[in-house]
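Note on naming: letters A, B, ... go to the chains in the order of the sequence lines (proteins, then strands), and numbering restarts at 1 for each one.
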Number of protein chains: 2
Amino acid sequence: MQLKELSERTGVSPASIKFYLREGLLPPGRSVRATRAEYGELHVSRLELIQTLRRVVGLNIAQIGSLLRMADDGVPRLELLAAVQRTVLGLDDVGREHGDVRTPAGDAVVRFRNWPDVPSDARNSLNAHLALMESLGVPVTDDLLDAYSLAVDAIATVNISATTAPEDVNQLIMTAAVGMHLHGQLILKLLALAHASHAIRRYETEA
Amino acid sequence: MQLKELSERTGVSPASIKFYLREGLLPPGRSVRATRAEYGELHVSRLELIQTLRRVVGLNIAQIGSLLRMADDGVPRLELLAAVQRTVLGLDDVGREHGDVRTPAGDAVVRFRNWPDVPSDARNSLNAHLALMESLGVPVTDDLLDAYSLAVDAIATVNISATTAPEDVNQLIMTAAVGMHLHGQLILKLLALAHASHAIRRYETEA
DNA sequence: ACAATAGGATAGTGCTCCTATCCTAGAGGC
DNA sequence: GCCTCTAGGATAGGAGCACTATCCTATTGT
């Protein structure tokens, strides 16, 4: 299959494919001759992955590139999944440059839920976020944090047991990224609905 | 206070202030003379609101403008809060143009949680999102949805009782938007940590 | 007389994500 | 042999966003 056919099969314009090749998101095809290159199913699934990561998950080119380069470099799966999580849930934005951060509240969460007490990106990001909320004057009571963490603990339990890791790396990133993004959004939307519902209830009671 | 002083007090460049004036985000000052305008504390707090909405919450100019215009038009507070919720939690992105949508799962959530059975943006957005997940082949079991909704119900209960609405409209939007955004992010980060913790546990058990 | 200022118009900047054009060299069909 | 097609490289263009800068005129305090 050559570039034009790859374009037709994936619905991505030839110009964009060339762009992705330049950016290193898409590995080059097997160069048959000077003016002919052969692309395979791997390129199709890779392009679909790129499209989904852009349009559904909303990552930018640099983020996609970094993820894909890790995959191509044969980074271990657990590490890769951690990177996907960081990128998709936006754990990279705050406080990662300050090394490990601790907050009393963050430590408390870990203790209460009996989660393993090891530093991680997720934990640093949480602690940085708690510090940010503190600094912006948004109170986070221990009760609230307890309710939150109890909830997500239950969710994670259900969530992780329903996960089976696929063989193909493209597929792995796809399911992990899409899953994390969609579940994250789902929770946000449910929270919005719950919030709105409670607000209506309260409004009705007061009226 | 004139433009320059307003700029100095808020740390926003005069050029940006003029830009916000042009875009209608900032109401014009009281024109004392042809070359002199008077700005007040309201402009200061409005500018701070704009800054926070941009840099912390991450809204774009159009979204901020639409929210602020509603506030200036004296839209009722409940409606305004609903708009803030839509904007901050990204409920506008899917399925709002198709009118009211229903999904069996979405209905089930409302019934299980005994939430008021009325159409709302939050509900439409949830249903559209469930449909999207369905179409992308990401399964959402009733069990999972039940765990999610139980969790957010608990959170919303804690959350809403801790909320007191401020007098000033700028302040109202500020606290609502910042609160919703930060709490949403907090949940996402907690979920990430919970997920990572459970993954470590499982990995340790298997190893 | 002169520096300073408001507000209006208009253009430019930096970033991101493409999209288009041009080029050369090579291969196959007629 | 000639024409068309193609890959891949270089380079430029374009659209959207959020500013940022420049220039202008009219006006005013000093």
Asker: Quick one: does B:Asp153's side chain get under 4.5 Å of A:His198's, heavy atoms only?
Answerer: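 Side-chain contact under 4.5 Å: yes.
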
Asker: Nearest whole Å is fine: how far is D:dC17 P from B:Gln63 CD?
Answerer: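 Taking CD of B:Gln63 and P of D:dC17, I get 11 Å after rounding.
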
Asker: Among C:dT5, C:dC17, C:dG26, which nucleotide sits nearest the side chain of A:Arg54?
Answerer: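 Closest of the options to the side chain of A:Arg54: C:dC17.
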
Asker: Using only atom types and a distance under 3.5 Å, with no angle test, would you say the side chain of A:Gln85 pairs donor to acceptor with the backbone of B:Ala192?
Answerer: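 Looks like yes, one N/O pair under 3.5 Å.
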
Asker: Report the distance from atom CD1 of A:Ile64 to atom CZ of A:Arg69, rounding to the nearest 0.5 Å.
Answerer: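 Reported to 0.5 Å precision, the distance equals 11.0 Å.
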
Asker: Which residues in residues 9-21 of chain B have a heavy atom closer than 4.0 Å to any atom of DNA chain D?
Answerer: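 Hits under 4.0 Å, by residue number: B:Ser13, B:Ala15, B:Ser16, B:Phe19, B:Tyr20.
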
Asker: Salt bridge or not for A:Lys189 and B:Asp121, using N-O below 4.0 Å?
Answerer: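 Salt bridge absent between A:Lys189 and B:Asp121.
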
Asker: Think B:Arg33 has a side-chain N or O under 4.0 angstrom from the OP1 or OP2 of D:dG29?
Answerer: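 It does, given that an N or O in the side chain of B:Arg33 lies less than 4.0 Å from OP1 or OP2 of D:dG29.
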
Asker: Is the shortest side-chain N/O distance from A:Tyr39 to OP1 or OP2 of D:dT6 below 4.0 Å?
Answerer: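 Negative; the distance criterion is not met.
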
Asker: Measuring from atom OH of B:Tyr39 to atom CG of B:Leu3, what distance do you get when rounded to the nearest 0.5 angstrom?
Answerer: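 Answer rounded to 0.5 Å: 4.5 Å.
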
Asker: Identify whether any heavy atom of B:Arg22 sits under 4.0 Å from a base atom; if not, whether one sits that close to sugar-phosphate; answer base, sugar-phosphate or nothing.
Answerer: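 Since a base atom lies under 4.0 Å of B:Arg22, the category is base.
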
Asker: Before accepting this row, confirm whether a basic side-chain N of the pair A:Arg113/A:Asp146 lies closer than 4.0 Å to the acidic partner's carboxylate O.
Answerer: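 Looking at A:Arg113 and A:Asp146, the cut-off is met.
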
Asker: In whole Å, I'd like the distance from the CG atom of B:Leu59 to the P atom of D:dC17.
Answerer: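 Taking atom P of D:dC17 as the reference, CG of B:Leu59 is at 14 Å.
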
Asker: Measure CE/A:Met1 against C1'/D:dA7 and give the value in whole Å, please.
Answerer: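 Result: 15 Å.
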
Asker: How close or far is atom P of C:dA4 from atom NZ of B:Lys4, stated in whole angstroms?
Answerer: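 Rounded to whole Å, this separation is 8 Å.
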
Asker: Given atom CG of B:Leu26 and atom P of C:dA6, what is their separation to the nearest angstrom?
Answerer: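 It is 13 Å, rounded to the nearest whole Å.
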
Asker: How close or far is atom C1' of C:dG7 from atom CD of B:Glu23, stated in whole angstroms?
Answerer: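 Between C1' of C:dG7 and CD of B:Glu23: 15 Å.
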
Asker: Quick one: which of D:dA7, D:dA18, C:dA6 gets closest to the side chain of B:Asn60?
Answerer: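 For the B:Asn60 side chain, the nearest candidate turns out to be D:dA18.
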
Asker: Starting from P on D:dG29, measure out to CD on B:Gln2 and report it in whole angstrom.
Answerer: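 Whole-Å distance recorded here is 11 Å.
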
Asker: Could you give the CZ-to-P distance, from A:Arg36 to D:dT6, as a whole number of Å?
Answerer: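 Roughly 7 Å, once rounded to whole Å.
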
Asker: Checking A:His129 side chain against B:Leu182 main chain: does a donor-acceptor pair fall under 3.5 Å?
Answerer: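 Looks like yes, one N/O pair under 3.5 Å.
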
